[in-house]
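If you read the sequence from its start, that first residue is 1, and numbering goes on from there. Below, each value reflects all heavy atoms present in this structure, side chains not excepted, and no hydrogens, waters or symmetry copies.
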Amino acid sequence: MKYLFLVCSLFLFSINLLTAQKEYPKNDFIAPLNIPLRLAGNFGELRSNHYHAGIDIKTQQKEGLKVLSVADGYVSRIKVSHYGYGKALYITHPNGYTTVYGHLKKFSKEIQEYVVKKQYEDESYEIELFPTINDLQVKQGDVVAYSGNTGGSGGPHLHFEFRDTETEHIINPILFGMDVKDSKAPVFQNILGYTLDATSQINGQQGTYQLNFSRQNDGTYLTNKINASGILGFAVKGYDSQDGSYNHNGIYEIEMQLNGTPYLNLDFETFSFDESKQINTYIDYPRYINKHQRFQKTFIDEGNQLSIYNLKTNQGKLAIEPGQDYTVTILLKDIEGNTTKIYVPIHGEDKPISKPYPDTKTNFYLIANRDNYYEVDNASIFFPANTFYKNEYLDIKKEDEVLWVHNTEVPLQDYYNLTFDISHIKDSLDISQYFIASLYTNGSPRYENTRLKGNTLSTRTKNLGAFVILKDNTPPTAQAVNFADNQWISNYNYLTFKISDALSGIKSYRATIDGKWILTEYEYKNNTLTFNCEDLTFEGSKHKLELTVTDNVGNSTTFTRTFFRKY
């Protein structure tokens, strides 16, 4: 009787763990935009090599909407970058949270003046500032910025985050009372089964198995019964969307049950930036690389250290015994509790294996938790400990001028060092124009940040696959877009330029008017530079503009224009 009571208590405790959620203050904050909140992306959504750290709020397909401070606080950080969040603002609040506003077009007048002053002092568009608590204080509802499309944004929207100020952990903004209407259950698209050891099988096959399924009258999904034995795992593909939005957003919670008992549960309430790269152990990474499909595993693979799991019985791996019948239930839930269910019936049967695992052994076996060093022809490869998530047989070879460092189906969690000896290249005058490039699957090159030292080229990269040595002796191009040489531009608000580089890519640019550095904003998505004429007070009427653009191997172009302007 005592044993039964203990078992029941433990079961109830596990159920409580699944339903428990930390309370976050909901009444302290307002929405960052004064419009109905509709999402282009939600928290924890699966992105390339990371989880989405906030919510992407639609801005009616336009820029310039007023962005409001959601509570009292002070601007604690400002970052302006060509990539990432573009123009981003961080506001620290007295209740222990920090909010982040990204992809902004510009800041409010006071903040904009503060930033531009620092940019001119540093002679740099890209800048990171940490104002003190007294520099830029804001009240709830103050306009702090205007929405935009800067940085790595695919269209106008506001990226918005909540962070724990002390730990820097990111938290789902919807938990703070952000009102996003959602009455639709997640959409289920596909399910895969996996055999997870050398003796496991699904219908006589080993590896990844596609399950067939059908939608039932009650809205649930039922797969065909599978005959299996050994250790199995599953992965599902699906998405969520909210009312008034048809974007394919991420699923908030996934639960797996075995014969009606919770077996694994995960949700996207909070996580840390450090663990975000673990996404590549969470999804079926080879499937993503080969077919651009993101399947989310309901088992925990080797190297997965994510904190998103509330319950993980046997790491989500199922032990199927011959002669036994099982029902696996997978529940896909959104943050409002709307749920989609998938049932997987399994009959334990020890079938002969007709399609075994392929043999992947090579001459190079990597131990993940230690340093590994390899040499092939004129190249050396150094993988520091924990570059890989788990031990791997690596295929490393040189074919003609191409070095193959395994393949792109294996994810990395950190950088490794790749070095080429180029002493055989008889081009001492232009040796600095050589660089390391990785190759996309279509064969086009991608510049790898390359360092030249003596007769060696080296890079730190997180890319596997094909690498070559290339030479770039062609300088970048630069041209004016909206004005001609010797033109009067007194009524112009902005000067716009087009800059580009065909091979190694643009490393830097510098523009001056009458010898004075000017602030130009680079938009890499359309290769434009923009200068705001209001930034300067022009003396006289005739002015000389000079723009120098340099690529990643040192080739440069200097573009000059004379224009006339006076106030």
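- Side-chain atoms of Q487 come within 3.5 Å of backbone atoms of A484 as a donor-acceptor pair (strictly under, hydrogens ignored).
- Annotation: cation-pi pair K117/Y114 absent, no NZ/CZ under 6.0 Å from the ring centroid and within 45° of its normal.
- Between D430 and K471 there is a salt bridge, with a side-chain nitrogen of the basic residue lying less than 4.0 Å from a carboxylate oxygen of the acidic one.
- Residue F564 places its CZ atom among more than 12 non-hydrogen atoms of other residues, nucleotides or ligands, all under 6.0 Å distant.
- Aromatic pair F483/Y492: centroids not less than 6.0 angstrom apart.
- Inspection of the N493 and E534 side chains reveals no N or O donor paired with an N or O acceptor under 3.5 Å.
- Using modelled atom types, no side-chain atom of E546 and backbone atom of F559 make a donor-acceptor pair closer than 3.5 Å.
- Residue D485 places its CG atom among more than 12 non-hydrogen atoms of other residues, nucleotides or ligands, all under 6.0 Å distant.
- For the residue pair K525 / N149, no side-chain donor-acceptor distance below 3.5 Å is found, with atom types taken as modelled.
- Using a distance-only test at 3.5 Å, with no hydrogens or angles considered, no donor-acceptor pair links the side chain of H157 to the main chain of G154.
- Salt-bridge check for E113 with K109: passed, with a basic side-chain N closer than 4.0 Å to an acidic carboxylate O.
- Residues D182 and D240 meet the side-chain proximity criterion, which asks for heavy atoms closer than 4.5 Å.
- Of the possible donor and acceptor atoms, none in the side chain of T528 sits under 3.5 Å from a partner among the backbone N and O of N526.
- Between S76 and F130 the shortest side-chain heavy-atom distance does not fall below 4.5 Å.
- Donor-acceptor pairing under 3.5 Å is recorded for the side chains of Y24 and E269.
- Formation of a donor-acceptor pair under 3.5 Å by the E166 side chain with backbone atoms of Y97 is not found in this model.
- Between the side chains of N280 and Q413, no donor-acceptor pair is found at a separation under 3.5 Å.
- I91 contributes atom CD1, which lies 5.0 Å from atom OG1 of T99 (distance to the nearest 0.5 angstrom).
- Every pair passing side-chain hydrogen bond (donor to acceptor under 3.5 Å, both in side chains) that includes a residue from residues 30-47 is listed here, sequence neighbours excluded: E45-R47, E45-N249, R47-D56.
- No donor-acceptor distance shorter than 3.5 angstrom exists from the side chain of S245 to the backbone of Q242, with no hydrogens or angles considered.
- Cation-pi contact between K106 and Y146: present, with separation from the ring centre below 6.0 Å and deviation from the ring axis of at most 45°.
- For the atom pair NZ (K181) and CG (L39), the distance works out to 13.0 Å, reported to the nearest 0.5 Å.
- The number of heavy-atom neighbours closer than 6.0 Å to NZ of K297, taken from other residues, nucleotides and ligands shown, is above 12.
- Annotation for K544: atom NZ does not count as buried by contact number, only 12 or fewer foreign heavy atoms lying within 6.0 Å.
- Within the 3.5 Å criterion, the main-chain N or O of E275 finds no donor-acceptor partner in the side chain of Q305.
- Inter-residue side-chain proximity for V70 and Q140 is flagged as unmet; no heavy-atom pair is nearer than 4.5 Å.
- Using a distance-only test at 3.5 Å, with no hydrogens or angles considered, no donor-acceptor pair links the side chain of S81 to the main chain of G84.
- Side-chain contact between P411 and T281: absent, with no pair of heavy atoms (C-beta onward) separated by less than 4.5 Å.
- Residues K237 and Q189 have side chains that bring a donor and an acceptor to within less than 3.5 angstrom of each other.
- Between T456 and I422 there is no side-chain heavy-atom pair separated by less than 4.5 Å.
- Using a 4.5 Å heavy-atom threshold, the side chains of S458 and F420 count as separate.
- Partner of Y509 under the ring pair (Phe, Tyr, Trp, His ring centres under 6.0 Å) criterion, chosen from F497, Y125, F531, Y522: Y522.
- Looking at heavy atoms from C-beta onward, Y120 lies in side-chain contact with I518 at the 4.5 angstrom threshold.
- Side-chain contact annotation: E63 with S147, donor-acceptor N/O pair under 3.5 Å absent.
- Ring centroids of Y416 and F383 are separated by less than 6.0 Å, placing the two rings close together.
- A side-chain contact (heavy atoms from CB on, under 4.5 Å) with F382 is found for one member of T419, L418, N417 and no other, namely N417.
- Taking the six-membered ring wherever Trp is involved, the centroid distance between the rings of F162 and H93 does not fall below 6.0 Å.
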*Please step through ring-ring contact (aromatic ring centres under 6.0 Å, His included) for the pair F29 and F176, ending with a clear verdict.*
CA-CA 7 Å; F29 301 98; F176 291 88; 5.7 Å; yes

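- Side-chain atoms of I170 and F271, non-hydrogen and from C-beta on, do get closer than 4.5 Å to each other.
- With hydrogens and angles disregarded, a donor-acceptor distance shorter than 3.5 Å links the side chain of T165 to the backbone of G96.
- When only modelled atom types and interatomic distance are considered, N473 and N555 share no side-chain donor-acceptor pair under 3.5 Å.
- A salt bridge is defined here as a Lys NZ or Arg NE, NH1 or NH2 lying under 4.0 Å from an Asp or Glu carboxylate O, and K26 with D28 fails to meet this definition.
- Remark: the backbone N or O of S504 is not paired with any side-chain donor or acceptor of D551 at under 3.5 angstrom.
- Side-chain contact of T477 with S500: a donor-acceptor pair under 3.5 Å is present, judged by distance alone.
- Salt bridge R510/E123: present, at least one basic N to carboxylate O contact under 4.0 Å.
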*Full working for ring-ring contact (aromatic ring centres under 6.0 Å, His included) between Y85 and H159*: CA-CA 8 Å; Y85 291 173; H159 175 87; 4.5 Å; yes

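- Ring-centre distance between F563 and W488: not below the 6.0 Å cut-off.
- In this structure, Y524 has its ring center under 6.0 Å from that of Y83.
- Open room surrounds NZ on K542; 12 or fewer heavy atoms of other groups in view lie less than 6.0 Å from it.
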